[in-house]
Asker: 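One structure coming up, written as structure tokens, with questions to follow.
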Amino acid sequence: MTEEEIKKIEDLANEVRAETLKMICRADSGHPGGSLSIVDVLAVLYGFKLRHRPTEPKWPERDRFVLSKGHAAPALYATLALTGYFNRNLLATLRELGSSLQGHPDMNKTPGLDFSTGSLGQGLSVGCGMALAAQIDSRKYQTYVLVGDGELQEGQNWEALMFANQHKLNNLTLIVDDNGMQLEGPTENITDLGDIGEKMADFGWEVLEIDGHNLAQIEEAVEDAHGFAKPTAIIANTVKGKGISFIETANEYHGKPLSEDELLKSLKELKND
Amino acid sequence: MTEMKKQSPREAFGQTLLEIAEEEPRLIVLGGDLTKSTKVDLFAERYPERFFNAGIAEQNMIGAAAGLAASGKIPLAASFAVFITSRANEQVRAAVALPKLNVNLVGTHAGLSASQDGSSHQSVEDMALMRALPNMTVLAPADAHETKLATRAMIKHEGPIYMRLPRHEVTDVVGLSGKKEFVIGQGDQLMTGDDVTIIACGTMTAEAVVVAQELATQNIKADVLNMASIKPLDEKLLIESAQKTGKVVTIEDHTIIGGLGGAVAEALSRNHPTKLKSFGVNDVFGESGRTEDLYSARGLTAEKLAPEVLKFINK
């Protein structure tokens, strides 16, 4: 990416963070921490890498994106709005009765969502099906699945890892938002996943490890993932709550909305960046 | 009376899939190391490029099927009924029913029919589990012929759908041999009478007919309905019959909670409260046994059912 491109993605990410926090604060409900940790990955994908048509969300040749950690929906909604899928005014309706922006993603309600998620640990299996469909029809689209490290405690992920390897789904890219935290604390204190990259390599995947907040590294890894004969897992080391200092250091913001004061403080911090 | 043939509904399902495969290139089949048992091996052999063995991993199999459906394919996932509907229940709920995807689920060895394998492999609650899910259609065809028709209807149907099949061969049902098309939500009037309504599905329809024949020898005339479409249920047929007879009996190879008996009880109590007796598995798990021994032990043979139905009528 050129410096100019990086600046553009940085601006997008910054704006997505601001909108995400505003949405959650307004709804008085949602998950700030895990939303903020995936923003840079989303910005690179939707702002730069994905082959997609925001005005034609069902374009058959589009790259697919499945947000397996569905509770980070606000970040995805903000990204979709800011890249042209729908009017950003809609963001103010998050989690309200009758809104197209459900608490967790609903593919039948929100333009641009390729799948409905929320119950953790299921997105990679769905991504396998999408990648398989592309291979059956010799279609060129890439399928991306974003999982949280915590949800890798769900055994279904490991079934899917084996399936993808068995069927050589090299058109499938898994991105692990490895923020090291889950609702009730550090992942390693609850059910330690050990070396995720090593485990996935053992399951037959190509593995890349990156700083999940370094835009150039994200872009490069996503690009590299296309070139392998095997499916690729990108382990993105991230910080839960990334970008807002008091959220970064307090895991209680996993599922706690910001107060008005906290929101103002956060928006100020984002502007000063 | 001519002796009716016994045939395998599973075999009929597998054969029909083969026929449909030619006409419907979007059809993709997933198996879970039970390819032969579920009879999708016929499809797998003929169309290896459209068959995927997901291994002993039903949760992923259902998720992959959902991903295929979201990409324009018509996936069918087959396993034992218990593994499709119980093991992968939440995957069916979250990835199939909730997003209303066009995924076909087939559970074989349903009810007590896994017989000697015992209760871990039997599924006495699959219809209840699937019926409770919004957007889900539930079918339990009666014999091999109806299974062929139901398989076609299932693939044609857009949206989440579950079909249960028995392991064993089933006697062809007299009144179904002329059936030309399976219409989801439509039951069949197999026999006509004013004294009692007998409603059955799956393997119990053949038994219901024999029960009615037995009652006829005692001059009791039964309305016999085959309700292979458990959800949606043919409430019109049910209520018209209940209005006529005033007494309803349901027979199913399933717990009497939440399956055919449950669906009929709900529909009757809402529309036309009627005396009802439900025969099935009485809120217990199964156990190992030869098919005929097990069904007999659970009272689910015509021989055991007929006197019980008679008792109910004369009460």
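Order of the sequence lines sets the chain letters (A, B, ...), proteins ahead of strands, with each chain counted from 1.
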Asker: State whether a side-chain donor-acceptor pair under 3.5 Å links B:Q59 with A:E154.
Answerer: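 No pair is found: no donor N or O on one side chain lies under 3.5 Å from an acceptor on the other.
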Asker: Can you tell which part of B:I62 gets under 4.5 Å to a heavy atom of chain A, answering side chain, backbone, both or neither?
Answerer: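 When you check distances to chain A, no heavy atom of B:I62 falls under 4.5 Å.
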Asker: Using salt bridge (charged side-chain N to carboxylate O under 4.0 Å, His left out) as the criterion, point out the one residue from A:R53, A:R139, A:K140 that pairs with A:E61.
Answerer: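 Looking at A:R53, A:R139, A:K140, the match for A:E61 under the salt bridge (charged side-chain N to carboxylate O under 4.0 Å, His left out) is A:R139.
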Asker: With only heavy atoms counted, which part of B:A95 is less than 4.5 Å from chain A, the side chain, the backbone, both or neither?
Answerer: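 Backbone plus side chain of B:A95, per the 4.5 Å heavy-atom cut-off to chain A.
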Asker: Is the shortest distance from a Lys or Arg side-chain nitrogen in B:R152 or B:E19 to a carboxylate oxygen in the other one below 4.0 Å?
Answerer: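 Answer for the salt bridge query: yes.
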Asker: Shorter than 4.5 Å, heavy atoms on both sides: which option in A:S125, A:C128, A:A133 has the most such pairs with chain B?
Answerer: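 Option with the greatest count: A:S125.
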Asker: Determine the option with the most heavy-atom pairs under 4.5 angstrom with chain A, choosing from B:Q91, B:E49, B:K73, B:M61.
Answerer: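 Ranked by contacts with chain A, first place is B:Q91.
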Asker: Go through the side-chain N and O atoms of A:R95 and A:S29 and say whether any donor and acceptor fall under 3.5 Å apart.
Answerer: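 Side-chain D/A pair, A:R95 to A:S29: present.
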Asker: Run the ring-centre check on B:F51 versus B:Y47 and record whether the distance is less than 6.0 Å.
Answerer: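 Aromatic pair excluded; centres sit 6.0 Å or further apart.
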Asker: Check whether B:E90 gets within reach of chain A through its side chain, its backbone, both or neither, counting any heavy atom under 4.5 Å.
Answerer: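 Backbone plus side chain of B:E90, per the 4.5 Å heavy-atom cut-off to chain A.
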